[in-house]
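These notes concern the structure reproduced below.
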Amino acid sequence: MRPFRAILLLALLCAASSALTAEAPAIGAAAPDFQLTALDGKAFSLSSAAKAHKAVVLMFISTQCPYSNAYNDQMKALANAYASKGVLFVGINSNKTEDAAAAAAHAKSNGHTFPIVKDPSNKVADLYDAKRTPEVYVIDPEGKLRYHGRITEDHENPASSPDLKNALDSFLTGKPIARTETKAFGCTIKRV
């Protein structure tokens, strides 16, 4: 009887741990909603932001990752260019090694005027199964995921493969997004 209990307990533990492992939301599926406080002290709710904009771009970013930092100018330029088209860019810093003060200083020094939220327990990164910085997700007004992946394939030559720009342009004009998923690359998110 004891071996049966041990096997049953082991099976239950395995099932529970796999249930806790997040899986990235599928393209077209509901994007996990969340509420966090932005670095400027304002409350941020994904569902409210999605309803108020034509699209919301969630960008997992870092202050220390050289890959994420290589995209700072592109993030700023895209956020500025698409703001007039009704697209809100939001930076999410989920790294345990980077506090809110460092994230705020980094945003200021790089001219990031888009909202940036701190994800102190990695809960949002876990909900999205985000692994890298930078890694982006495009959410439509209905709260559905439309694109997941990288900003561009090459930060030094953004015109070579402007994946996020292409996805946004297609979505905003009502055309199907040709590449709804691309491989994000960069530094790993340092989890708690």
Side-chain angles (χ1 to χ4, degrees), residues 21-40 42-62 67-68 71-72 74-95 103 107 112-153 158 161-186 189 191:
T21 304
E23 188 173 303
I27 299 298
D33 190 22
F34 64 90
Q35 294 81 36
L36 288 172
T37 302
L39 297 178
D40 64 5
K42 295 178 184 172
F44 175 83
S45 161
L46 176 60
S47 58
S48 296
K51 289 175 187 169
H53 295 87
K54 293 181 180 175
V56 175
V57 177
L58 302 177
M59 301 182 296
F60 286 86
I61 60 175
S62 169
Y67 292 101
S68 184
Y71 282 93
N72 281 330
Q74 283 187 54
M75 287 186 258
K76 180 172 64 175
L78 287 166
N80 291 338
Y82 283 91
S84 64
K85 298 177 183 184
V87 177
L88 176 66
F89 279 65
V90 179
I92 303 174
N93 184 306
S94 297
N95 283 311
H112 293 163
T113 57
F114 49 83
I116 297 176
V117 297
K118 185 70 182 141
D119 179 21
S121 302
N122 316 117
K123 290 180 181 174
V124 176
D126 291 344
L127 285 172
Y128 283 83
D129 195 28
K131 296 183 180 351
R132 306 267 173 212
T133 61
E135 186 168 354
V136 299
Y137 298 79
V138 175
I139 315 301
D140 73 12
E142 295 174 7
K144 295 189 178 179
L145 180 63
R146 296 299 171 195
Y147 173 80
H148 168 224
R150 62 186 174 228
I151 297 170
T152 64
E153 187 173 25
S161 182
D163 301 300
L164 175 58
K165 179 184 180 309
N166 290 345
L168 287 171
D169 289 346
S170 293
F171 177 74
L172 292 172
T173 57
K175 297 176 183 170
I177 298 172
R179 295 182 72 192
T180 56
E181 292 190 271
T182 57
K183 183 177 172 77
F185 56 92
I189 293 174
R191 286 181 155 74

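Atoms considered below: every heavy atom in the structure, side chains included; atoms not considered: hydrogens, waters and symmetry mates.
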Residue from V136, I116, V57 passing side chain to side chain contact (heavy atoms under 4.5 Å, CB included) with F89: V57
Distance (rounded to the nearest 0.5 Å) between L58 CG and L46 CG: 5.5 Å
pair T113-N80: side-chain heavy atoms closer than 4.5 Å: yes
Heavy-atom donor-acceptor pair, S68 side chain to S62 backbone, under 3.5 Å: yes
Pairing of D140 and K54 as salt bridge, 4.0 angstrom limit: no
Side chains of M59 and P134 in contact at under 4.5 Å (non-hydrogen atoms): no
F44 and T37: CA distance, side-chain angles, deciding distance, side chain to side chain contact (heavy atoms under 4.5 Å, CB included) verdict: CA-CA 6 Å; F44 175 83; T37 302; over 6 Å; no
Worked verdict on L164 versus V138 for side chain to side chain contact (heavy atoms under 4.5 Å, CB included): CA-CA 9 Å; L164 175 58; V138 175; 3.6 Å; yes
Test side chain to side chain contact (heavy atoms under 4.5 Å, CB included) applied to T180 and R146, step by step: CA-CA 7 Å; T180 56; R146 296 299 171 195; over 6 Å; no
Pair Y82-D169, side-chain donor/acceptor within less than 3.5 Å: yes
Side-chain touch D119/N95, heavy atoms, less than 4.5 angstrom: no
Check: Y67 and T133 side chains under 4.5 Å, non-hydrogen atoms: no
Under the side chain to side chain donor-acceptor pair (under 3.5 Å) test, residues paired with K118 that sit two or more places apart: N93
Least distance between heavy atoms, A24 atom then D129 atom: N-CB, 3.4 Å
Expected output: side-chain T173 to main-chain S170 donor-acceptor under 3.5 Å: yes
F34 atom CZ, over 12 foreign heavy atoms within 6.0 Å: yes
Heavy-atom side-chain contact between V117 and L39 under 4.5 Å: no
Donor-acceptor under 3.5 Å (Y71 side chain, T152 main chain): yes
Heavy-atom side-chain contact between I61 and I92 under 4.5 Å: no
Rounded distance (nearest 0.5 Å) linking atom CG of L88 with atom NE2 of H53: 4.5 Å
Partner of L78 by side chain to side chain contact (heavy atoms under 4.5 Å, CB included), out of L168, V87, I151: I151
Gap between atom NZ of K183 and atom CZ of R150 - 0.5 Å precision: 9.5 Å
S47 backbone acceptor or donor facing D33 side chain under 3.5 Å: yes
N72 and Q74, any side-chain heavy atoms less than 4.5 Å apart: no
Side-chain donor/acceptor of Y128 to backbone N/O of K131, under 3.5 Å: no
From R191 atom CZ to S121 atom OG, the distance as rounded to the nearest 0.5 Å: 12.0 Å
Nearest non-hydrogen partners of P32 and P25, listed with the distance: CD-CG, 3.8 Å
Validation row: F60, V124 side chains within 4.5 angstrom (heavy atoms): yes
Side chain to side chain donor-acceptor pair (under 3.5 Å) against Y137, all qualifying residues, sequence neighbours excluded: E135, H148
N-O pairing of K165 and D163 below 4.0 Å: no
